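Right, one structure below, let's go through it.
Only a predicted model underlies this, so the values are computations on that prediction, with no experimental measurement involved.
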Amino acid sequence: MSILVVGSVAYDGIETPFGKTDRILGGSATYISLTSSYFFDKINLVGVVGNDFEDEDIQKLKDRGVNLEGLQQDESGKTFFWKGKYHFDLNNRDTLDTQLNVFEHFDPVIPESGKKAEIVCLGNIAPALQAKVLDQVEQPKQVIMDTMNFWIEGAREDLVEVLKRVDILIINDSEARELSGLPNLVKAADKIREMGPKTLIIKKGEHGALLFSAEGIFSAPAFPILDIFDPTGAGDTFLGGFAGWLARTHDFSDDNLRRAVIYGSAMASFCVEKFGPERLLNLSPAEIRDRYQEFRTLSLIPVQPDDYK
Ligand code: AMP
C-alpha cells in the first residue's frame, strides 16, 4: 500500500491578526504529505518547484520520509507563490496574490513507485491535471479529491468529468453550495454524490465537518482551540490525516471513515497553532493520540438511565 499525493508545492506569504510572514513553505501537496507521513511511511509526492526552492525545505519533506522522486525541479522559473490575508475572525481570507510561475506548465508525471498507489490524493490543482494523474495510475482503491471555488467557477466541465472518477470528495461548505447550486447542505450533498463521489466530506471551518456516505451522515465536532495563529493549510492537513489513517488501517468501512474524519480534524487542529506547516514538522505520536481522544470526548453524550420518553 502506498499513498500518491499530487498538488501544489509553494511558497506562501501569510498575514493573520497575529503576525505576518513573507515567505514560508506551503502548497496543498506539502501539507497533505507532511500530515499523512505521521500515519504511513510510503508517501509519494508529485509536484513541481522552481529555481528558488531551498534545500532546507526539501529536507523538511525528506525528514518526514516523503518520497520525492516525482517532485520536478524546473530551473526555468520560480516556485508557485500564494499570498493571503486573514480577517479578524480567521474564517475568511482574501487572496492577495497568486503567481503560478513553474506551476503554469506543470505536467504531472507519475513515477513507477506511485502508479500502484492504493490511495490517490488529488490536492487542489486544475481538474484537467487531476484527470491526467488518474490516467496514469493503476486501479487505486480510493481516489480522494479536493477542489476550490476557483475551479468550480472557472473549469466546471473538467471538474464534473473528473468527479465521475473520484471516490471521496472533500470540500468546504461554500464550495458544496456553489458546486450543487443548492443552499441546503444535506440536499447539496445528495446532488454532489450523484455526480460521482460515493462519499462526501463537507468541512465547516471552526464548526467541524460532515461526512455523507451510503450509510448516512456523521457530524464531527470542531476542536475549541485557544491559540489559532494561522489557518493556512488546515483543509489540506485534514485530507492528509484522513488519507493517512485509511492507509494505515486499510479499512474503508463507514465506521473507519468516521475515525479518519476525526484524525483529519485532529491534525488540522495542530496545523493552525503555528505559522505555515511548522507545527506539522515534529509532532509526537502521543500528541496525536491524545488529541484524537479529546475529540472523541468532545461530543460524547453520556447515557442516562431515564432517557427522554
Ligand atoms: P488551504 O488553507 O487548505 O486552502 O491551503 C492553502 C494552500 O493552498 C497554500 O499553501 C497555497 O500555497 C495553496 N494554494 C492556494 N491557491 C492555490 C491554487 N490556485 N492552486 C494550488 N494551490 C493553491
>> Please list all pairs meeting salt bridge (charged side-chain N to carboxylate O under 4.0 Å, His left out) that have one or both residues in residues 245-262, counting only residues at least two apart or in different chains.
In response: Asp254-Arg258

> Would Tyr11 and Phe81 count as a ring-ring contact (aromatic ring centres under 6.0 Å, His included) if you check the C-alpha gap in whole Å, the side-chain angles of each, and the deciding distance to 0.1 Å?
Replying inline: CA-CA 5 Å; Tyr11 280 125; Phe81 180 78; 8.1 Å; no

I'd like a table of donor-acceptor pairs (distance under 3.5 Å, sequence neighbours excluded) in which one partner is a side-chain atom from residues 154-172, with atom names and distances.
from   : atom 1 : to     : atom 2 : distance (Å)
Arg156 : NH2    : Leu179 : O      : 2.7
Glu161 : OE2    : Lys164 : NZ     : 2.8
Arg165 : NH1    : Asp135 : OD1    : 3.3
Arg165 : NH2    : Asp135 : OD1    : 2.9
Asp167 : OD1    : Lys198 : NZ     : 3.1
Asp167 : OD2    : Val143 : N      : 2.7
Asn172 : OD1    : Ser174 : N      : 3.2
Asn172 : OD1    : Ser174 : OG     : 3.1
Asn172 : OD1    : Glu175 : N      : 2.9
Asn172 : ND2    : Glu175 : OE2    : 3.4

>> Run the side-chain hydrogen bond (donor to acceptor under 3.5 Å, both in side chains) test on Asn44 and Asn67 for me, step by step, so that the C-alpha distance in whole Å, both residues' side-chain angles and the decisive distance to 0.1 Å come before the verdict.
In response: CA-CA 5 Å; Asn44 292 281; Asn67 181 342; 3.1 Å; yes

> Is it true that the side chains of His105 and Asp74 contain a donor and an acceptor less than 3.5 Å apart?
Replying inline: no

> Who pairs with Lys42 by side-chain hydrogen bond (donor to acceptor under 3.5 Å, both in side chains), at least two apart in sequence or on another chain?
Replying inline: none

Under 3.5 Å, sequence neighbours excluded: what are the donor-acceptor pairs made by side chains of residues 215-227?
none

> Can you list every pair that meets salt bridge (charged side-chain N to carboxylate O under 4.0 Å, His left out) and has a residue in residues 7-31, with sequence neighbours left out?
Replying inline: Glu15-Lys85, Lys20-Asp22, Arg23-Asp52, Arg23-Glu54

> Are Leu100 and Leu129 linked, directly or through other ILVMFWY residues, by side chains that come within less than 4.5 angstrom of each other?
Replying inline: yes

> Is there side-chain contact between Val272 and Thr232, with at least one heavy-atom pair below 4.5 Å?
Replying inline: no

> Is Leu71 reachable from Leu281 through a run of hydrophobic residues whose side-chain heavy atoms are each under 4.5 Å from the next?
Replying inline: yes

>> Please enumerate all residues that pass side-chain hydrogen bond (donor to acceptor under 3.5 Å, both in side chains) together with Gln73, with sequence neighbours excluded.
In response: none

>> Does anything in residues 102-124 form a salt bridge (charged side-chain N to carboxylate O under 4.0 Å, His left out)? List the pairs, not counting sequence neighbours.
In response: Asp107-Lys132, Glu112-Lys115, Lys116-Glu138, Glu118-Lys141

> Sequence neighbours excluded, which residues qualify as side-chain hydrogen bond (donor to acceptor under 3.5 Å, both in side chains) partners of Ser8?
Replying inline: Ser28

> Under the ring-ring contact (aromatic ring centres under 6.0 Å, His included) test, which residues partner Tyr263, sequence neighbours left out?
Replying inline: Phe39, Trp245, Tyr292

>> Counting only heavy atoms from other residues, nucleotides and ligands, does the tally under 6.0 Å from CZ of Phe150 exceed 12?
In response: no

>> Phe270: which residues meet the ring-ring contact (aromatic ring centres under 6.0 Å, His included) condition with it, sequence neighbours left out?
In response: none

>> By the salt bridge (charged side-chain N to carboxylate O under 4.0 Å, His left out) test, which pairs, at least two apart or in different chains, include something from residues 262-284?
In response: Glu273-Arg279, Glu273-Arg291, Arg279-Glu287

> In terms of heavy-atom contacts, does CG of Asp89 have more than 12 from other residues, nucleotides or ligands at under 6.0 Å?
Replying inline: yes

> Is Met1 reachable from Val137 through a run of hydrophobic residues whose side-chain heavy atoms are each under 4.5 Å from the next?
Replying inline: yes

>> Holding to side-chain hydrogen bond (donor to acceptor under 3.5 Å, both in side chains), I want the full list of residues that pass it with Lys204, two or more places apart in sequence or in another chain.
In response: none

> Between Asp94 and Leu96, is there a donor-acceptor pair closer than 3.5 Å when you use the side chain of the first and the backbone of the second?
Replying inline: no

>> Which label fits Phe252 and His250: parallel for a plane angle under 30°, tilted from 30 to 60°, or perpendicular past 60°?
In response: perpendicular

> Would Val48 and Trp82 show up in the same hydrophobic cluster when neighbours are defined by side-chain heavy atoms closer than 4.5 Å?
Replying inline: yes

